[in-house]
Amino acid sequence: MFSKAIYIELVTNLTTEAFLAALRRFISRRGRPAEINTDNATNFVGAYKDLRRLFNSNIHDFASSEEIKWNFIPPSSPHFGGLWEAGIKYVKYHLRSIVGKTKLTFEELSAVLTQIEACLNSRPLCPLTDDPEDLTALTAGHFLIGMPLTAVPSQVGESGSSLKGKWQLVEQIKTDFWKRWSCVLDRLRFLPIKKMDQRTCIKFCVKNEIKSADAFRMLTVAYGEATLDRNNVYRWYKMFSEGREDVNDEEGAGRPSTSTTNEKINEVKKMILANRRITVKEVAEDLNISIGSCHSIFINDLGMRRVATKFVQKLLNCDQKQNRMNIANEMLDSVRDDPNLLQRVITGDEAWVYGYDVETKAQSSQWKLPHEPRPKKARQVRSNVKVLLTVFFDFRGVVHHEFLPQGRTVNKEYYLRVMHNLREAIPQKRPDL
């Protein structure tokens, strides 16, 4: 069995600090929640990051086992938060109608919201007993404090102009809200019954050849404000005139309970593998699922993320790739035939050698006592003095190296001289080759 209750907290601003303070008050009164579901408001995201730092710090290791699991709904998808939006919309609509332009202090508005919270949590869920004489009902307050909340307002004056004192005005606002909320509850409780009764009456009028306008007039007299609107009355009158007998709504296809089934996940994966550049919107349209569900399959179920293409120096065609593979296979065969082949290989490389290198941040770090100031150093740039070093080596070490002479141009004549010097150095350094 599942139920829900409403908790209203008044804050001074929409910052992360204000939300964290409200969350601490909620936990102190209601206990620590196992999960929190919110939208992507900046104060919620900031609070989540602050709590992560809090729970992961060494000072609060004792609280790491009680970390709250925080779930954010997909961006730009307010319908994912319909569970809490449906409850709070009654508060906003009726509170705006009742308070209007009345100016309330922080304490007065907090008192009004707290009593409104009690009114909303006093809504009946189901009867407590099977006794038809017992009118008590199970409410959300029973799950919070084990008994009904004292939400019924006291009797006050008739209008705001005759009230004396600001707190009497607060009491009047609460009373008006209770009246409006009670009307909503009554309308919701009896709406399905009255709707079916009116459809039966419309069917009776059709059988007795009573005109649709007269049928609507008779329903207005009998049901008052709960009467179906004129278009619905005429629509049902027409359907009964065409031979319909059932007064219940037709069962629609409806939306499936979930779109994240194994079949849908496999279909999404096949479409991605076929076209890596396909968008979430295109997949959602092709599979007839919502964009939010499709995005959830991409991120949560398949663990995929969209990345930009990595640029490389050149792209090889099929012939060039085949040629590389052939050369690599020939080299592997040579190594297998002669295990000492790599010991006879001499390779080389070039690098710029600077007059000095700037110290890295890790190299410049040093220990300090708590009362000592943090060390400082001037910003440095890499030396402009540099020289090109060419070095040749094998598995035993350096065979030959030389620096580029000042003012010398690097061209084929230079490399020809370097190779000549290397050839002369090999008999001296590696006579066994």
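Residues: numbered from 1 along the sequence shown. Quick note: numbers below take in every heavy atom, side chains included, and nothing from hydrogens, waters or symmetry partners.
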Shortest non-hydrogen contact from Phe106 to Thr12?
-> CE1-CG2, 3.8 Å
With Glu285 via side chain to side chain contact (heavy atoms under 4.5 Å, CB included) - residues at least two apart = Lys281
Identify, with sequence neighbours excluded, every residue that meets ring-ring contact (aromatic ring centres under 6.0 Å, His included) alongside Phe216.
-> none
Heavy-atom check, side chain of Leu219 versus side chain of Ile202, under 4.5 Å | yes
For Lys270, side-chain hydrogen bond (donor to acceptor under 3.5 Å, both in side chains) partners two or more places apart | none
Any side-chain heavy-atom pair of Lys203 and Glu245 under 4.5 Å = yes
Nearest heavy-atom approach of Ile210 to Ala215 is CG2-N, 4.2 Å
Excluding sequence neighbours, so at least two apart, what forms side chain to side chain contact (heavy atoms under 4.5 Å, CB included) with Asn37?
-> Glu35, Asn71, Trp84
In terms of heavy-atom contacts, does CE of Met331 have more than 12 from other residues, nucleotides or ligands at under 6.0 Å?
-> no
Check: Leu302 and Ile265 side chains under 4.5 Å, non-hydrogen atoms | yes
Sorted by chain and residue number, the salt bridge (charged side-chain N to carboxylate O under 4.0 Å, His left out) partners of Arg29 (sequence neighbours excluded) come out as Glu9
For Arg235, which residues count as a salt bridge (charged side-chain N to carboxylate O under 4.0 Å, His left out) partner, sequence neighbours excluded?
-> none
Can you name the nearest heavy-atom pair linking Ile272 to Ile278, along with the distance?
-> CA-CG2, 4.3 Å
Partners meeting salt bridge (charged side-chain N to carboxylate O under 4.0 Å, His left out) with Asp214 (sequence neighbours left out) = Arg217
With Phe393 via ring-ring contact (aromatic ring centres under 6.0 Å, His included) - residues at least two apart | none
Sub-4.5 Å side-chain heavy-atom contact between Cys205 and Phe240 | no
Partners meeting side-chain hydrogen bond (donor to acceptor under 3.5 Å, both in side chains) with Asp319 (sequence neighbours left out) | none
Of all the heavy-atom pairs spanning Tyr237 and Lys211, show the shortest one and how long it is.
-> OH-CA, 3.7 Å
Do Arg244 and Arg199 touch side chain to side chain, with heavy atoms closer than 4.5 Å?
-> no
Those residues at least two apart in sequence (or on a different chain) that pass side chain to side chain contact (heavy atoms under 4.5 Å, CB included) with Phe204 are Asn208
Identify, with sequence neighbours excluded, every residue that meets salt bridge (charged side-chain N to carboxylate O under 4.0 Å, His left out) alongside Glu263.
-> none
Side chain to side chain contact (heavy atoms under 4.5 Å, CB included) involving Ala5 - partner list, sequence neighbours excluded | Asn121, Ala140, Leu144
Does Val11 reach the side chain of Arg25, with side-chain heavy atoms less than 4.5 Å apart?
-> yes
